[in-house]
There are 2 protein chains.
Amino acid sequence: MTNSADDQANPAFCPSGLAGGTCAGCKVRSASICAALDPDELHELESLAEETYFAGRSTVLMQDDPAGSVYNITSGTVRLYKLLADGRRQIVGFLLPGDFIGLSLGERQMFSADAIEPVTVCRFARTAFAALIDQKPHLLRRLHAAATHELTVAQDHMVLLGRRGAEERIAGFLVNLRDRLLRLGRSGVTLPLPMTRQDIADYLGLTIETVSRMITKLARDRVLLVVPGGIRVLDNSRLDALVQN
Amino acid sequence: MTNSADDQANPAFCPSGLAGGTCAGCKVRSASICAALDPDELHELESLAEETYFAGRSTVLMQDDPAGSVYNITSGTVRLYKLLADGRRQIVGFLLPGDFIGLSLGERQMFSADAIEPVTVCRFARTAFAALIDQKPHLLRRLHAAATHELTVAQDHMVLLGRRGAEERIAGFLVNLRDRLLRLGRSGVTLPLPMTRQDIADYLGLTIETVSRMITKLARDRVLLVVPGGIRVLDNSRLDALVQN
DNA sequence: CGTCAGCTTGACTCATCTCAACTAGGGTGG
DNA sequence: CCACCCTAGTTGAGATGAGTCAAGCTGACG
């Protein structure tokens, strides 16, 4: 539950995006920051990278801790969240392969992150990564593009949290997940949901019961089918229609 | 209501941060992107800048429109928002002097923006600004720092929208506004509220009636006093206490 | 002096939360 | 192999915080 990157490093294990640990063979490169680099630079980046493994339910990093590393996710799913003093939790995002942790390059973590299933990452020492970026403005441009993309995603999520009803939130979540999986070349029909209902609730600003009821309702309405470990979309157009705009 | 920057340009009018239109004399420089530049570079930036005025209630830019300009606010308050097809609105932020519009440097606007009171901005052609940034990596670093700061602010707002009650939201909004005004060297006791109750409601994911009731409650509890055009904070510690964490 | 926009207040409604019981599946140990 | 437990999820019934609808207030402005 509280293992850090350093406890968990396991270079032998490799079910990840990295084929034999080379950036050139990385399956998620096109979806990530690293796509900005040419072969020479890729080799340079590779020398800084360390493939790291996190067990399911293990902690990747904690809010306010010093930021020693930045990460590029190569397989698995990570939840990012903030906690209030009384234990309320808001999940601010789920990260998929190709996503980057540590965009700000700041000295402190701005949120907590844990692996919700086994996760492999490409880990970089933050200072070394920052130094590389100072030499490669186009890598910084790419990082900045990723940060502003995250900002739009965050703003869209504010709309969801501030102005959408429960069923709309669930539909929005599923549509969003579907589209991200499609971009990764995965199926848009069977959506794996490695996160718990509680995670979904804390992401959507709902309770676990409301999430459960709304998924049941969508299943009753034949918009989707609940399958072990996820859902199957039966009617994409009706699902899309539930997400006005 | 729908005047664009070009209709509204009015170099003669100058109640703004810019003293006589020079960056060197700009009152908000230390709070903005431009603080990254040395005197020579400032002069270069100045040659790209055009001081522009927006009347209260006028539109600065519309979501999905082509992004011709980026802006640095020198005086006044701007609301950024997204609309759903059925008219629901979520305000994603209020911008104060020193804040920047167009961090992404993208070709399309990702939100709408209007002036909620008379506003002056430093306007730059987007392409010229982007070209300058390609020559000044430290300016890009600064822009990136601003973007990731906005991202943390957005995530904190997600916590507010997803997990806080109505009174907590109001208190959070006021604490946040107070701290931003203090950073700009303004009073943290008398908070001007140039936005309407409806704007506050659309920012906090509430209705206008709930905003009104909660402000009345805080006034009844002697935490604040409602004054024309804003509020006066009577008890900072109780206001802070309402915002757990 | 009348109008109008912004704001406040009250009475009632309702979507979502809370509390509680129950089900299903997976692991463990006797 | 079965009994037990544990976690995750579902469902129901009732409570409640915020929304809705409606009326009235206030100050600015013509």
Side-chain angles (χ1 to χ4, degrees), chain A residues 1 56-57 77 79 84 86-91 114 116-117 160-174 191-221 224-231 242, chain B residues 1 56-57 77 79 84 86-91 114 116-117 160-174 191-221 224-231 242:
Chain A
M1 192 73 179
R57 293 150 181 280
T77 310
R79 64 174 173 231
L84 295 180
D86 60 7
R88 283 174 290 177
R89 180 179 68 158
Q90 176 67 40
I91 292 182
D114 17 76
I116 61 182
E117 59 180 340
L160 182 146
L161 292 171
R163 287 289 174 240
R164 290 185 188 280
E167 188 179 26
E168 232 179 335
R169 294 187 197 199
I170 298 288
F173 166 65
L174 294 174
L191 308 183
L193 296 176
M195 64 293 288
T196 65
R197 297 289 189 266
Q198 185 64 62
D199 287 335
I200 298 173
D202 286 348
Y203 179 58
L204 298 178
L206 299 170
T207 58
I208 183 175
E209 295 94 334
T210 302
V211 170
S212 187
R213 279 187 249 272
M214 290 303 153
I215 290 178
T216 300
K217 177 172 190 301
L218 291 175
R220 192 175 344 109
D221 295 348
L224 55 80
L225 192 65
V226 179
V227 297
I231 62 104
L242 286 171
Chain B
M1 192 73 180
R57 294 149 182 280
T77 310
R79 63 174 174 232
L84 295 181
D86 59 7
R88 283 174 290 178
R89 180 180 69 157
Q90 176 67 39
I91 291 182
D114 13 81
I116 62 183
E117 59 180 341
L160 182 147
L161 292 171
R163 288 290 174 239
R164 290 186 188 279
E167 188 179 26
E168 233 180 334
R169 294 188 198 199
I170 297 288
F173 166 65
L174 294 174
L191 307 184
L193 296 177
M195 65 290 290
T196 65
R197 297 289 188 265
Q198 185 64 61
D199 287 335
I200 298 174
D202 286 348
Y203 180 57
L204 298 177
L206 299 170
T207 58
I208 184 175
E209 293 94 335
T210 301
V211 169
S212 185
R213 279 187 250 272
M214 291 302 153
I215 289 178
T216 300
K217 177 172 190 300
L218 291 174
R220 193 177 342 111
D221 295 348
L224 54 80
L225 193 65
V226 179
V227 297
I231 62 106
L242 285 171

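Everything quoted here is computed from the prediction, not taken from an experiment. Chain naming here is simple, since letters A, B, ... match the order of the sequence lines and numbering starts at 1 in each.
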Quiz item: Counting N and O atoms only, with roles assigned by atom type, does the side chain of B/Ser212 sit under 3.5 Å from a partner on the main chain of B/Ile208, one being a donor and the other an acceptor?
Solution: no

Practice problem: Ignoring hydrogens and angles, tell me if any N or O in the side chain of A/Asp221 forms a donor-acceptor pair with the backbone of A/Leu218 under 3.5 Å. | Solution: no

Calculate the interatomic distance between [X] atom [atom1] and [N] atom [atom2]; express it in whole Å.
X: B/Arg163; N: D/dA18; atom1: CZ; atom2: C1'; value: 16 Å
X: B/Arg197; N: D/dC25; atom1: CZ; atom2: P; value: 19 Å
X: A/Lys217; N: D/dG12; atom1: NZ; atom2: P; value: 15 Å
X: A/Leu193; N: D/dG9; atom1: CG; atom2: C1'; value: 13 Å
X: A/Met214; N: D/dG12; atom1: CE; atom2: P; value: 14 Å
X: B/Ile208; N: D/dG19; atom1: CD1; atom2: P; value: 12 Å
X: B/Ile170; N: D/dG17; atom1: CD1; atom2: P; value: 16 Å
X: B/Gln198; N: D/dG19; atom1: CD; atom2: P; value: 11 Å

Does some side-chain heavy atom of [Y] sit less than 4.5 Å from a side-chain heavy atom of [X]?
X: A/Glu168; Y: A/Arg163; answer: no
X: B/Asp199; Y: B/Arg89; answer: yes
X: A/Arg213; Y: A/Val211; answer: no

Would you indicate what [X] reaches in the nucleic acid, counting non-hydrogen atoms under 4.0 angstrom: base, sugar-phosphate, or nothing?
X: A/Gly229; result: nothing
X: B/Ile215; result: nothing
X: A/Thr196; result: sugar-phosphate

Examine [N]: is either OP1 or OP2 under 4.0 Å from a nitrogen or oxygen in the side chain of [X]? Give yes or no.
X: A/Ser212; N: D/dT11; answer: no
X: B/Arg169; N: D/dG17; answer: no
X: B/Thr207; N: D/dA18; answer: no

Quiz item: Contact boundaries of DNA chain C with chain B (under 4.0 Å, heavy atoms), 5' to 3'?
Solution: C/dG6 to C/dA11

Quiz item: Out of D/dT10, D/dA8, D/dA18, which nucleotide sits closest to the side chain of B/Ala166?
Solution: D/dA18

Quiz prompt | Nearest listed nucleotide, side chain of A/Arg213, among D/dG12, D/dA22, D/dG19 | solution = D/dG12

Quiz prompt | Closest-nucleotide ordering on DNA chain C, the 5'-leading residue of A/Glu209 and A/Gly165 | solution = A/Gly165

Quiz prompt | Inter-residue atom distance A/Leu191.CG - A/Leu224.CG, 0.5 Å rounding | solution = 9.0 Å

Quiz item: Is B/Asp114 paired with B/Arg79 through a side-chain N to carboxylate O contact shorter than 4.0 Å?
Solution: yes

